[in-house]
Amino acid sequence: MSTLDQADVDVMKATKTCVAATRFQYDYLNDDITDDGKIDYSLTNKVPQALRQAIAEGKKILVLINPPYAAATNRGNTANVGNAEYKSGVAKTKLAATAMIDYGKASNELFTQFLARIAQEIPKATIATFSTLKYVTAPNFEKFRQNWKAEYLGGFVVHNKAFDGLTGKFPIGFLIWKTDQKAVNKIFTTEIVTEVIDKDAKAIGEKSFFNIPKNQFLSEWITRPKPNNVEAIPLKNAVSPATVTKDLRGKKWADGAIGGIDCAGNDLQHAEQHTVIFSSGYGSAGGFLITDKILWQVAIIFAVRRLIIPTWLNDCDQYLQPTEPLSDKFKNDCLIWMLFNRQNRSASANDLEWDNRKWSIVGLF
DNA sequence: GGCGCATACGTGAGAAACTC
DNA sequence: GAGTTTCTCACGTATGCGCC
């Protein structure tokens with residue numbers, strides 16, 4: 001039994017918790033990792049000899065973990081929106097920096113860093129882990145899923161509010177995997193079925209989570225127009241210019257553009273808050289410009305992203321591209337619905353001030 | 001350098017539901 | 001019936017980091 005903070009080990013010993021276990025402090029993402037991403041126990045000599053021997057002998061090992069979850073962009077939980085601190089450096093652990101070349105953007109997330117180390121250190125381990133579901137569903141984790149060889153044995157998801165001190169509403173999974181990192185062909189499963197437990201710990205049914213290639217995702221349905229050299233005013237609301245000072249987007253127009261859209265993310269979590277039409281570029285990440293050629297597709301994307309009610313359980317479900325021809329009636333319905341939706345923030349205005357200049361925008365919707 | 005994904009998942013007001 | 005808690009709705013930021 002290991003934990004990052006020595007204080008936790010001290011408390012366990014003082015309170016006689018898990019007396020039979022060997023309890024030790026260990027930094028799983030930084031300790032005993034060589035500069036080329038290999039495991040070398042002699043670097044710290046913290047891992048108990050018996051465990052090293054069991055690993056070396058290839059004994060059956062069950063890894064039970066509740067790793068920290070943190071992606072590179074989480075705000076600190078106690079900070080206010082807008083003044084929050086961001087968790088920089090998440091991808092700078094020794095493990096992420098040296099041993100996760102094959103895992104793509106999963107190196108941005110702490111809990112997948114743990115899984116990556118286990119895959120190298122104990123390649124045939126059975127792993128039972130708490131975590132969010134994005135490593136099963138999200139596009140950023142496609143490369144992780146291609147390289148992490150695991151068979152799903154079972155598990156449940158529970159409302160995050162069942163854990164103390166968390167905000168938001170999303171599922172946390174406890175999933176059990178039989179890994180075999182040395183297998184030649186075995187790849188990540190395409191569907192997992194979980195039991196669903198609500199925040200009062202009541203079983204309320206089942207839910208499937210799907211691993212689908214991201215080229216089938218709605219976010220890749222249209223070719224996003226390339227910006228041209230015409231300057232545009234970046235917006236954050238109908239007539240409010242963006243105020244960010246770093247990584248400002250939406251400063252260029254595109255050939256044939258009639259507006260912009262904030263369309264960040266491909267899941268329900270983002271769709272609710274990041275589906276907005278503007279009369280210029282969107283000043284943050286996740287936007288693109290709307291041209292007359294793609295308007296019909298934008299209307300469909302807009303409608304489906306806003307029509308499905310977000311819940312705690314469908315939080316990380318992904319939107320998919322249509323697989324059958326769409327009727328003109330459906331296309332027109334989506335367009336009308338978009339035009340009258342409150343998230344259509346297109347507008348006409350003169351004398352907007354940004355970058356020490358005056359700007360005009362024209363609402364074409 | 002630009003783009004795209006992602007956030008142990010933002011806030012406040014008012015309504016509705018619950019408790020005593 | 002009054003006080004308290006939970007739910008619903010309508011608004012919201014901007015940045016770290018991998019990849020092209």
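Numbered from 1 within each chain, the chains take letters A, B, ... in sequence-line order.
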Would you list the pairs meeting ring pair (Phe, Tyr, Trp, His ring centres under 6.0 Å) in which at least one residue belongs to residues 92-126 of chain A, sequence neighbours left out?
A/Tyr28-A/Phe114, A/Tyr69-A/Phe111, A/Tyr103-A/Phe144, A/Phe111-A/Tyr135
When you match A/Tyr103 and A/Arg342 each to their closest nucleotide on DNA chain C, which lands nearer the 5' end?
A/Arg342
Residues in side chain to side chain contact (heavy atoms under 4.5 Å, CB included) contact with A/Asp10, at least two apart in sequence or another chain:
A/Gln6
Test item: side-chain donor near acceptor, A/Ser208 and A/Glu191, under 3.5 Å:
yes
side-chain hydrogen bond (donor to acceptor under 3.5 Å, both in side chains) between A/Asn215 and A/Glu220, worked out:
CA-CA 6 Å; A/Asn215 61 14; A/Glu220 301 204 4; over 6 Å; no
Nearest whole angstrom, please: distance from the C1' of C/dA10 to the CG of A/Asn344.
16 Å
Summary of ring pair (Phe, Tyr, Trp, His ring centres under 6.0 Å) pairs that have at least one residue in residues 194-237 of chain A, sequence neighbours excluded:
A/Trp221-A/Trp296
Which other residues end up in the same hydrophobic cluster as A/Val193, if Ile, Leu, Val, Met, Phe, Trp and Tyr are linked when side-chain heavy atoms come under 4.5 Å apart?
none
May I ask you to list the residues of residues 213-232 of chain A, by number, that have any heavy atom positioned under 4.0 Å from an atom of DNA chain B?
A/Ser219, A/Arg224, A/Pro227
Whole-Å gap separating P (C/dA14) and CG (A/Asp262)
13 Å
Taking atom types as they are modelled, would you say the side chain of A/Asn108 forms a donor-acceptor pair with the base of B/dC5 within the 3.5 Å cutoff?
no
What residues from residues 288-297 of chain A pass a heavy-atom cutoff of under 4.0 Å to DNA chain C?
none
Salt-bridge contact A/Lys161-A/Asp198 (side-chain N to carboxylate O under 4.0 Å)
no
Using whole Å, report how far CG of A/Asp247 lies from C1' of B/dG4.
11 Å
The dot-bracket string of DNA chain B, counting Watson-Crick and G-U wobble pairs with both distances under 3.5 Å, using [ ] for crossing pairs and | for pairs to another strand, is |||||||..|||||||||||
A/Asp36: what forms a side chain to side chain contact (heavy atoms under 4.5 Å, CB included) with it, not counting sequence neighbours?
A/Thr34, A/Lys38
Does A/Asp267 reach a base, just sugar-phosphate, or nothing at all? Heavy atoms under 4.0 Å.
nothing
For residues 356-365 of chain A, dump all side-chain donor-acceptor pairs below 3.5 Å to protein atoms at least two apart in sequence or in another chain.
residue  : atom : partner  : partner atom : Å
A/Arg357 : NH1  : A/Glu231 : OE1          : 2.8
A/Arg357 : NH2  : A/Asp355 : OD2          : 2.8
A/Lys358 : NZ   : A/Glu353 : OE2          : 3.1
A/Trp359 : NE1  : A/Trp354 : O            : 2.9
A/Ser360 : OG   : A/Asn350 : OD1          : 2.7

Look at all strands and tell whether A/Ala138 reaches a base, only sugar-phosphate, or nothing, counting heavy atoms closer than 4.0 Å.
sugar-phosphate
Using the 3.5 Å cut-off, write out each protein N or O paired with an N or O of nucleotides 5-8 of chain C and the distance between them.
residue : atom : partner  : partner atom : Å
C/dC7   : OP1  : A/Lys199 : NZ           : 3.4
C/dC7   : OP2  : A/Lys199 : NZ           : 3.1

For the residue pair A/Ala162 and A/Val158, what are the closest heavy atoms and their distance?
CB-CG2, 3.6 Å
For residues 274-287 of chain A, which residues have at least one heavy atom under 4.0 Å from DNA chain C?
A/His274, A/Ser284, A/Ala285
Side-chain donor-acceptor pairs of residues 330-337 of chain A under 3.5 Å, sequence neighbours excluded:
residue  : atom : partner  : partner atom : Å
A/Asn332 : ND2  : A/Asp328 : O            : 3.2
A/Asp333 : OD2  : A/Lys329 : NZ           : 3.0

